[in-house]
Participant: 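My questions will all concern the structure given below.
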Amino acid sequence: MGEIKVPELAESITEGTISEWLKKVGDKIERGEYIAELETDKVNVEITAEESGVITEFLKEPGDTVHVGEVIARLDESGEGGGESTSSAPEAKEEASQEKAPEAEAPKESTTAVATKEVPKEEAKSTSRTIASPAARKLARERGIKLDDVKTTDPMGRVRKHDIESHENKPAAKGQSAPQPQKQVQPQDPQKPEERIKMTRRRQTIANRLVEVQQTAAMLTTFNEIDMTAVMALRKRRKDNFFEQHDVRLGFMSFFTKAVVAALRKFPLLNAEIQGNELVLKKYYDIGVAVSTDDGLVVPVVRDADRKTFSDIEGDILDKAKKARDNKLTLKDLQGGTFTITNGGVFGSLLSTPILNGPQVGILGMHKIQLRPVAIDEERSENRPMMYIALSYDHRIVDGKEAVSFLATIKDLLEDPETLLLEG
């Protein structure tokens, strides 16, 4: 009997959540074939079978947490297997054991009658109620709940994990006076419907890390604004030729990435990291670019941004954004960034204070380009395309003077974008 285990993922990842099974019990699989999708803190990983065979049992269900090295499924390497099962092997064995004894004593058609005579009603009821998924059994054991006391919504009478959770909540609501009003109001008031959705592992990790950063870093944000007239004019003049030559569109992110690299060279503490009582000054420029996905924000990294051309940066960002939305990012794509850029302007944000992407000590927030009246001199004003920019930084190692000067450098470079060529 073969086993399928959770493979080694990465140094920092020791567990994950079964997102979905890509095969069913009874399916024949070949070595190297994908069998399940595992959701980790950072990326989704597809688990492959190390041996060929027929799947006989799933030990975990979608939503269950699993650890590296843990057995999550079994397969028959002989290739014979029990292909008729529609659920996990324990359930199939249990059902078979219930039918085997009566079949030996009477023809098929009298099975029900024999079972009724030989097994007391209470015992029969208990036996049928004990058909449960592995996850439900585990949860019931952990919480001291008898399976035969649990009411199931499964048409086959099988107890699932959510049935255990629902059963556990019932006595708590009856025995405690405080939760009673909440339980009565929620289902009975059709004007105030509610829905409970379990947070994905990635969303939980994002939440925990954002809180951790706010608790461990002395975070402060400073602001400036950029007149985008020159950048927009340059982009308008060059975008068609740029696309023809490089097969990628010229966006604003390459300008900002180049400007950030130039500013980091002048103010290296913003490209650093605190490790214990030491500062690690990084002499390379791996810029993280925040990308929004259905499961939350991820930050793939543009490696060696200082050595890349505008087209290289645009192509890299486009490729990683697509991989992020298709859940195809690898751990390598996400690790090791030295500074982050996030663009809330694509969603219409006019101003915000971005939270640090720890252990980095700086993050630049871009915002919506909006026409605003700007004073040209003492007598004239014009409507100009303006963008607010925000720099959040760790005040433990970055002083206000450096932070303000960093933003002023980015402003100067983007308002005179030809200087970016000299910087790069």
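If you're wondering where the values come from, they're calculated on a predicted model, not measured in any experiment. Only this structure's heavy atoms are used, side chains among them; waters, hydrogens and symmetry mates stay out.
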Participant: I'd like to know if the side chain of S311 reaches the main chain of H246, judged simply by a donor and an acceptor atom lying under 3.5 Å from each other, with no hydrogens or angles considered.
Facilitator: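 No; zero donor-acceptor contacts below 3.5 Å.
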
Participant: Should D304 and K308 count as an ion pair when the cut-off is N to O under 4.0 Å?
Facilitator: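 Salt bridge absent between D304 and K308.
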
Participant: For residues D394 and I274, determine if any side-chain heavy atom of one lies less than 4.5 Å from a side-chain heavy atom of the other.
Facilitator: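 D394 vs I274: side chains touch.
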
Participant: Test D333 against every option in R303, K322, K323 by the salt bridge (Lys or Arg N to Asp or Glu O under 4.0 Å) rule and name the one that passes.
Facilitator: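 The option that passes is K323.
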
Participant: Counting only heavy atoms not in K411, do more than 12 fall under 6.0 Å of its NZ?
Facilitator: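 Yes, enclosed.
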
Participant: Shortest non-hydrogen contact from L281 to P268?
Facilitator: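 The answer is CD2-O, 4.0 Å.
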
Participant: Working to the nearest 0.5 Å, report the span between CG of L350 and CD of Q370.
Facilitator: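 Reported to 0.5 Å precision, the distance equals 5.0 Å.
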
Participant: Please find the pair of heavy atoms, one from P354 and one from S392, that lie closest to each other, and give the distance.
Facilitator: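 Answer, listing the atom of P354 first, then S392: O-OG, 2.5 Å.
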
Participant: For N357 and T340, indicate whether the former's side chain and the latter's backbone hold a donor-acceptor pair under 3.5 Å.
Facilitator: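 It does not hold such a pair.
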
Participant: For the side chain of K23 and the backbone of A36, is there at least one donor-acceptor N/O pair under 3.5 Å apart?
Facilitator: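 It does not hold such a pair.
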
Participant: Is I287 close to I341 at the side-chain level, that is, under 4.5 Å between some pair of heavy atoms?
Facilitator: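 I341 vs I287: side chains touch.
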
Participant: Which value, rounded to the nearest 0.5 Å, describes the distance between I410 atom CD1 and M366 atom CE?
Facilitator: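 Between atom CD1 of I410 and atom CE of M366 there are 10.0 Å.
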
Participant: Do the side chain of E33 and the main chain of E30 share a donor and acceptor less than 3.5 angstrom apart?
Facilitator: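 Yes, the answer is positive, given that a donor and an acceptor are paired below the 3.5 Å cut-off.
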
Participant: Check this for me: R396, atom CZ, are more than 12 non-hydrogen atoms of other residues, nucleotides or ligands nearer than 6.0 Å?
Facilitator: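 Yes, the 6.0 Å shell around CZ holds more than 12 heavy atoms from other groups.
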
Participant: Do the non-hydrogen side-chain atoms of L414 and F255 ever get within less than 4.5 Å of each other?
Facilitator: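 Of all side-chain heavy-atom pairs linking F255 with L414, at least one is under 4.5 Å.
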
Participant: Strictly distance-based, threshold 3.5 Å: is any side-chain N or O of T257 a donor or acceptor partner for the main-chain N or O of M253?
Facilitator: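 Yes, the answer is positive, given that a donor and an acceptor are paired below the 3.5 Å cut-off.
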
Participant: Is the backbone N or O of S352 less than 3.5 Å from a side-chain atom of H367, with the two atoms forming a donor-acceptor pair by type?
Facilitator: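 Checked: pair present.
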
Participant: Any side-chain heavy atom of V150 sitting closer than 4.5 Å to one from I145?
Facilitator: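 Yes; the side chains approach each other to less than 4.5 Å.
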
Participant: Check for a donor-acceptor pair, side chain of T293 on one end and backbone N or O of A324 on the other, with a separation under 3.5 Å.
Facilitator: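 Not at all, since once roles are kept as given, no pair shorter than 3.5 Å links the two residues.
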
Participant: Can you confirm whether H395 sits close enough to M219 that some side-chain heavy atom of one is under 4.5 Å from a side-chain heavy atom of the other?
Facilitator: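 In short, these two side chains do not touch, never coming nearer than 4.5 Å.
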
Participant: When rounded to the nearest 0.5 angstrom, what is the spacing between CG in L364 and OH in Y393?
Facilitator: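 Result: 14.0 Å between the selected atoms.
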
Participant: Please evaluate residues M232 and I369 with respect to the criterion side-chain contact (heavy atoms from CB on, under 4.5 Å), reporting the C-alpha separation (whole Å), side-chain torsions for both, the decisive distance (0.1 Å), and the verdict.
Facilitator: CA-CA 10 Å; M232 294 177 72; I369 299 173; 4.1 Å; yes

Participant: Start with the C-alpha distance between T65 and K60, add both sets of side-chain angles, then the distance that settles side-chain contact (heavy atoms from CB on, under 4.5 Å), and finish with yes or no.
Facilitator: CA-CA 8 Å; T65 298; K60 298 289 181 179; over 6 Å; no

Participant: Taking C-beta and beyond as the side chain, do I35 and W21 meet within less than 4.5 Å on heavy atoms?
Facilitator: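 SC-SC contact between I35 and W21 confirmed.
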
Participant: Hey, could you give me the NZ/CG distance between K282 and L270, rounded to the nearest 0.5 Å?
Facilitator: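 One finds 12.5 Å between NZ of K282 and CG of L270.
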
Participant: List the steps, then state whether side-chain contact (heavy atoms from CB on, under 4.5 Å) holds for V66 with T17.
Facilitator: CA-CA 6 Å; V66 295; T17 301; over 6 Å; no

Participant: Is it true that T56 and D76 share a donor-acceptor pair across their side chains at a distance under 3.5 Å?
Facilitator: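 There is no such pair (donor and acceptor under 3.5 Å, judged by atom type) between the side chains of D76 and T56.
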
Participant: Hey, mind stepping through E273 and Q275 against side-chain hydrogen bond (donor to acceptor under 3.5 Å, both in side chains) and telling me if it holds?
Facilitator: CA-CA 6 Å; E273 178 182 329; Q275 292 184 2; 3.1 Å; yes

Participant: Salt bridge check, D399 against K401: does any charged N sit closer than 4.0 Å to a carboxylate O?
Facilitator: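 Salt bridge between K401 and D399, a charged N being under 4.0 Å from a carboxylate O: no.
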
Participant: Measure across V361 and A272 and return the closest heavy-atom pair with its distance rounded to 0.1 Å.
Facilitator: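 So the minimum-distance heavy-atom pair works out to CG2-O, 3.6 Å.
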
Participant: Do the side chains of M386 and L371 get nearer than 4.5 Å, heavy atoms only?
Facilitator: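 Answer no - side chains too far apart.
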
Participant: Using 0.5 Å steps for rounding, measure from the CD1 atom of I72 to the CZ atom of F58.
Facilitator: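 I72 CD1 to F58 CZ: 8.5 Å, rounded to 0.5 Å.
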
Participant: Using the ring of F252 (Phe, Tyr or Trp, six-membered ring only), decide whether R235 places NZ or CZ under 6.0 Å from its centre and within 45 degrees of its axis.
Facilitator: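 Output yes; distance and angle both within limits.
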
Participant: Got L329 and V298 here, is their nearest side-chain heavy-atom distance under 4.5 Å?
Facilitator: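 SC-SC contact between L329 and V298 confirmed.
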
Participant: If every non-hydrogen atom of L356 is compared with every non-hydrogen atom of A217, which pair is closest and at what distance?
Facilitator: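 Closest pair (atom of L356, atom of A217, distance): CD1-CB, 4.1 Å.
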
Participant: Is it true that a side-chain atom of D316 and a backbone atom of I313 form a donor plus acceptor pair closer than 3.5 Å?
Facilitator: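 Flag not set: sc D316 to bb I313 has no pair under 3.5 Å.
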
Participant: Between V398 and F267, is a side-chain contact (heavy atoms from CB on, under 4.5 Å) present by the stated rule, with each step listed?
Facilitator: CA-CA 9 Å; V398 179; F267 304 97; over 6 Å; no

Participant: Mind checking the CG-OG1 spacing from N271 to T338? Nearest 0.5 Å is all I need.
Facilitator: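 N271 atom CG to T338 atom OG1 measures 4.0 Å (nearest 0.5 Å).
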
Participant: I'd like to know whether D326 forms a salt bridge (charged side-chain N to carboxylate O under 4.0 Å, His left out) with K328, so could you lay out the CA-CA distance, the side-chain angles of the two residues, the decisive distance to 0.1 Å, and finally the verdict.
Facilitator: CA-CA 5 Å; D326 294 341; K328 299 298 182 183; over 6 Å; no

Participant: Which atom names give the shortest non-hydrogen contact between V301 and K320, and what distance separates them?
Facilitator: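 Residues V301 and K320, closest heavy atoms: O-CE, 3.0 Å.
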
Participant: If the test is ring-ring contact (aromatic ring centres under 6.0 Å, His included), which one of F256, F406, Y284, Y285 qualifies with F339?
Facilitator: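 Between F339 and the candidates, ring-ring contact (aromatic ring centres under 6.0 Å, His included) is satisfied uniquely by F406.
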
Participant: For V261 versus A305, what's the shortest heavy-atom pair and its separation?
Facilitator: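 Closest heavy-atom pair between V261 and A305: CG2-CB, 4.0 Å.
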
Participant: If you count every heavy atom of other residues, nucleotides or ligands that lies below 6.0 Å from F243 atom CZ, does the total exceed 12?
Facilitator: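 Yes, the 6.0 Å shell around CZ holds more than 12 heavy atoms from other groups.
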
